[in-house]
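Below, all heavy atoms of this structure are taken into account, side chains as well, without hydrogens, waters or symmetry copies. One-based numbering, in listed order, for ligands and for the atoms of each.
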Amino acid sequence: MRFLLTCDPTNIRHIFTSNHANYLKGKEFSEMFDVTDGSFFTVDGEPCRRQRARIQSIFSSPRLLALMAECCRDKVEKGVTPLLARMAKTAAPFDMHDLLTRFAFDVTATPIFGVDPGLLSTSSAGSAGMHAVVAMDTVMEVGLFRHTLPMCCWKAMRWLNVGPERKLAAAHKVLRGFVAEMIERRKLMTDGYAGVLESHVSSVEIIMSTYINDPEYSDDLLCATLINFMIAGRDTIGTALVWLFYNLAQNADVVACIRKELAPIASRKAAAAAATTMVTFEPDEMKPLVYMHAVLYESLRLFPPIPIERKTVVADDVLPSGHAVRAGDTILVSLYSLGRMQDVWGEDCMEYRPERWLSGKVGDGLRYVPTHKFLAFNSGPRMCLGKDIAIMQMKTAVAAMVWNFDVEVLEGQSVHPKFSCILQTKNGLMMKVKKREM
Ligand code: HEM
């Protein structure tokens with residue numbers, strides 16, 4: 001088995017765009033993520049094209065987008081900010097990773113299932129969801145473990161049910177159980193047992209209902225697809241937001257610029273007058289905020305939630321860098337390295353500097369950077385389909401958190417990524433928060 005590791009933008013353009021048909025996810029990738037087998041992340045060719053077209057149509061529904069925005073705003077206002085206010089009162093350190101994982105889980109699951117898993121609630125309602133959180137993390141950790149071994153080795157371990165494979169089998173069971181429970185809870189709601197919060201979510205608006213009665217979707221494929229939607233949304237925004245706060249805590253000037261951009265919106269809100277009241281921003285109000293957009297992109301450049309892409313070579317080829325690849329070779333593309341290359345980003349490539357994304361002209365949008373240089377949302381025909389949704393969710397959360405609170409990273413902790421296909425922090429991110437005086 002031969003591997004080639006690259007972060008050369010010309011190779012990336014060749015692999016993801018100009019010659020993409022020769023670089024597929026491949027059968028091995030699909031086996032590595034067997035819990036999502038047959039669903040959109042793991043398929044190639046025509047099945048991929050059809051699944052993507054379907055998701056594009058789902059994500060263009062104004063009612064679903066409105067539900068996603070409402071759910072996000074609701075979670076920020078009733079979940080995240082009250083929790084932070086409580087932390088501010090006690091001045092106790094807390095794990096930002098844990099808080100943002102709960103937020104990302106709830107905002108992802110609610111539009112998929114039409115049921116709020118309640119991880120941000122203070123009751124015990126979210127305990128089943130917390131098991132699913134741990135299980136999703138296991139899928140990503142053992143996924144990377146599988147990348148490092150010949151397939152026959154991890155398959156033998158899976159067959160013997162030992163080591164990480166044993167843990168993964170248990171995680172699969174938890175995730176399938178979680179999906180079944182959410183489907184059941186949704187069914188009870190539509191049968192007339194809906195809670196007050198959830199009853200306005202009609203079944204046509206949720207993601208699950210577009211698949212559930214489709215004869216093409218067996219129970220297994222339906223479950224794999226719903227888990228895949230959870231991974232696509234939860235793993236990515238949860239991870240991105242943690243690194244964003246890590247960056248903000250070390251860049252007070254950036255925080256000041258975010259607040260400056262938010263100030264005209266905040267001052268229009270009556271609540272801004274009362275120092276004791278939290279200000280929450282509407283997702284729609286976030287759209288024109290260019291500096292905030294730059295803040296997100298700069299964090300995604302340095303800390304892409306999906307740090308590695310994997311492709312299998314279909315037919316022998318020569319990459320623009322001059323490297324020959326043979327059919328069956330595996331190519332690993334490091335998004336993490338690409339975001340830190342001096343040739344691409346300049347001498348200050350290691351610095352967190354959102355200004356690099358601004359064009360310099362007042363009123364202009366972001367500076368255009370082609371996706372083969374900024375690969376966080378992928379490139380070519382497999383581009384992320386949830387990018388706009390993700391930006392809306394992240395901006396809404398960051399705006400309320402940054403406007404209402406001062407955050408600092410607790411000193412003395414070692415912050416580094418863990419062994420996983422997702423760039424999560426190994427030991428979370430301990431922070432302290434203070435209510436901002438206004
Ligand atoms: C910071 C947030 C996000 C980042 C950085 C991100 C990044 C990515 C990347 C790198 C891929 C390609 C994965 C691969 O093929 O290996 C991808 C695919 C995808 N993403 Fe996102 N994503 C984010 C948020 C979201 C959200 C919130 C959703 C859904 C609401 C979403 C939906 C999808 C879908 C459906 C695909 C599948 C495309 C395909 O396989 O052809 N993403 N995303």
Does ligand 1 have any N/O pairs with the protein under 3.5 Å, and how far apart?
from     : atom 1 : to     : atom 2 : distance (Å)
ligand 1 : 15 (O) : Lys25  : NZ     : 2.7
ligand 1 : 15 (O) : Asn378 : ND2    : 3.4
ligand 1 : 16 (O) : Lys25  : NZ     : 3.1
ligand 1 : 16 (O) : Glu309 : OE1    : 2.9
ligand 1 : 16 (O) : Glu309 : OE2    : 3.0
ligand 1 : 40 (O) : Arg382 : NE     : 3.4
ligand 1 : 40 (O) : Arg382 : NH2    : 3.0
ligand 1 : 41 (O) : Arg52  : NH1    : 2.6
ligand 1 : 41 (O) : Arg382 : NE     : 2.8

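Here the side chain of His293 pairs no donor or acceptor atom with the backbone of Leu289 at under 3.5 angstrom.
The cationic atom of Lys387 (NZ for Lys, CZ for Arg) lies less than 6.0 Å from the six-membered ring centre of Phe377 and within 45° of the ring axis. A cation-pi arrangement is not found for Arg259 relative to Trp403, the charged atom failing to lie both closer than 6.0 Å to the ring centre and inside a 45° cone about the ring normal.
In this structure, Phe229 has its ring center no closer than 6.0 Å to that of Phe113.
Between Arg353 and Glu298 no salt bridge is recorded (no basic side-chain N to carboxylate O distance below 4.0 Å).
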Full working for ring-ring contact (aromatic ring centres under 6.0 Å, His included) between Tyr352 and Tyr246: CA-CA 11 Å; Tyr352 181 74; Tyr246 175 71; 9.6 Å; no
